[in-house]
Each structure stands twice: as structure tokens, then as C-alpha cells.
**Student:** 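One structure is given below, represented as C-alpha cells, and several questions about it will come after.
As the structure lists them, so they are numbered: ligands from 1, and atoms in each ligand from 1.
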Amino acid sequence: MINIVLFGPPGSGKGTQAKILAEKYGFQHVSTGDLLRSEVGNETPLGLEAKTYMDKGDLVPDVVVIGMIGNLLDDKAGKVKGFIFDGFPRTVAQAEALDKLLTEKSYQINKVMSLHVDDDELVRRLVERGKVSGRSDDNEEAIRNRLVVYGDNTAPVADYYADQLKLSDVVGVGSIDDINAVLCEHVNGVVGS
Ligand code: ADP
């Protein structure tokens, strides 16, 4: 099983690219944002708790998100060709927990690709998306907070993977196809095709 992390700030295109890669390589796309929004939509106890953090653009507590990923791995690890993680891990504690969960099952993270887009462009994209997404966190105040939270809590995750020599930086500005082609080169490097 090949495990890929698609890393980057909100609005950097992780979701778009993860979807294309998942389809191309037959990997399972795992978006913690989507999983959490589904819990919110179903008004589960987990969803009701998560919503209070998400609406402000704050991170949902590690224990909640790690628990969700643990359940998913128990369910799916070894049964799919690979995972492409999108929006997870978002803290160093989550990265450490993910390594532990995978190691327990004799798997590992094979590659981390980090999408780079400057803040002005990110805000522009997210404000645009907010006009159609209906997402309660795509308003300017929550967007600004998400970028601050990214800098404070999530950016250090890149160093965590750089130390493991797994990190590749990718320019996230350009056409979806061109960016995807660069990502595929990196994935091919670990898939071996
Ligand atoms: P974006 O990357 O555009 O912010 P996501 O769908 O990835 O969108 O995440 C939306 C929200 O869901 C985040 O702001 C956060 O509140 C919550 N969330 C998603 N993934 C995580 C995670 N790994 N840890 C904590 N909170 C998360």
C-alpha cells in the first residue's frame, strides 16, 4: 500500500488535486474536512462538537481527528491500493499519530507533496469559493483565521516530513493539469511506474 500526504494551506488546491490523483492511481482519497462535514451534516455528537471549531476556522481537537483516522485505517488499511491524505495531518501530533498507526500495520507514509500558493491568492480563491460552496467557514474572518492557524500549527508538519526526507515542494499556481503533472511525477517516483 502506497500512502501519500497532500499538504498545503487552505485554498491551495489539495482537494482538487487529491481527487484527480485518487482516480488516476486507484487510491482512496481521505479528506478529514469532508469526513468532518459529513458528521456535521448528519448531526452526530462528533459533528456537533466539530462544528463549533470549524465555523471559526479553528482546528478540531487532535484526539477527535486522530480517532476518526484510526477507525478508517482499521477498516480499510490493506484493502485498498493506497491512501491519499488531504487536510491531514494538520499538526505535528497528528503526523506522529499517523506514523504510529501506519507502523502498527507495517505501512508508512511514502511521499508528502506540499503545494505552495501565496496568501493573497489563497484569500482570493477562498472568498470566490465561498460564493458557491455554502461552507460556513468560507467567510473572510474564518479564512484569515485558517491561514493564521495554518502558519502556527500546520506549517511545522512540513519540517517533520522534511526531516524524514519525504517532502517535495510543488508550485500550486498554474493550470490544474500542469500542477497535476508535477504531482504525478512525484507519485510515480514512489509507485515505481
Ligand atoms: P481547508 O483546507 O480549505 O481549510 P478542509 O476541508 O480541509 O478545508 O478543513 C475544514 C475545517 O475542518 C478546518 O478549518 C478544521 O476546522 C477542520 N479540519 C479538517 N481537517 C482537520 C484536521 N486534520 N485537524 C483538525 N481539524 C481539521
**Student:** Counting heavy atoms only, which part of Val60 comes closer than 4.0 Å to ligand 1: side chain, backbone, both or neither?
**Tutor:**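 Both backbone and side chain.
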**Student:** Return the option from Lys14, Met54, Arg135 holding the heavy atom at the smallest distance from atom 8 (O) of ligand 1.
**Tutor:** Arg135
**Student:** Tell me whether Val191 is reachable from Leu21 by hopping between hydrophobic residues (I, L, V, M, F, W, Y) whose side-chain heavy atoms are closer than 4.5 Å.
**Tutor:** yes
**Student:** Hey, are the side chains of Arg135 and Arg129 touching, using non-hydrogen atoms and a 4.5 Å cut-off?
**Tutor:**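 Answer yes - side chains close enough.
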**Student:** Can you tell me the protein heavy atom closest to atom 24 (N) of ligand 1 and the distance?
**Tutor:**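 Result for atom 24 (N) of ligand 1: Gln94 NE2, 2.9 Å.
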**Student:** Tell me which part of Asp62 gets within contact of ligand 1: side chain, backbone, both or neither, using heavy atoms under 4.0 Å.
**Tutor:** neither
**Student:** Using a 4.0 Å heavy-atom threshold (strictly under), name the region of Asp137 that reaches ligand 1: side chain, backbone, both or neither.
**Tutor:**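 The side chain, only.
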**Student:** Quick one, Leu98 and Phe88 - any side-chain contact, counting heavy atoms below 4.5 Å?
**Tutor:**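 SC-SC contact between Leu98 and Phe88 confirmed.
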**Student:** Looking at Arg125, Lys131, Arg124, which hits side chain to side chain donor-acceptor pair (under 3.5 Å) with Glu128?
**Tutor:**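 Among the candidates, only Lys131 passes.
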**Student:** Tell me: protein heavy atom nearest atom 20 (N) of ligand 1, and distance?
**Tutor:**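 Nearest protein contact, heavy atoms only, for atom 20 (N) of ligand 1 is Thr32 OG1, 2.8 Å.
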**Student:** Verify the cluster assignment for Leu167 and Ile4: are they in a single hydrophobic cluster under the rule of side-chain heavy atoms below 4.5 Å apart?
**Tutor:** no
**Student:** Counting only heavy atoms, which portion of Arg125 has something under 4.0 Å from ligand 1: side chain, backbone, both, or neither?
**Tutor:**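 Contact part for Arg125 vs ligand 1: neither.
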**Student:** Consider only side-chain N and O atoms of Tyr161 and Asp99, and report whether a donor and an acceptor are under 3.5 Å apart.
**Tutor:** no
**Student:** For atom 6 (O) of ligand 1, state which one of Arg37, Arg146, Arg90 supplies the nearest heavy atom.
**Tutor:**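 It is Arg37 whose heavy atom sits nearest to atom 6 (O) of ligand 1.
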**Student:** What is the closest protein heavy atom to atom 15 (C) of ligand 1, and at what distance does it sit?
**Tutor:**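 The closest heavy atom on the protein side is Asp58 O, 3.5 Å.
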**Student:** Gly87 heavy atoms, cut-off 4.0 Å: which ligand 1 atoms fall inside?
**Tutor:** 20 (N), 21 (C), 22 (C), 23 (N)
**Student:** What protein heavy atom is closest to atom 17 (C) of ligand 1, reported as residue, atom name and distance in Å?
**Tutor:** Leu36 CD1, 3.6 Å
**Student:** Between Arg129 and ligand 1, find which residue part has any heavy-atom pair under 4.0 Å and reply side chain, backbone, both or neither.
**Tutor:**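 Just the side chain.
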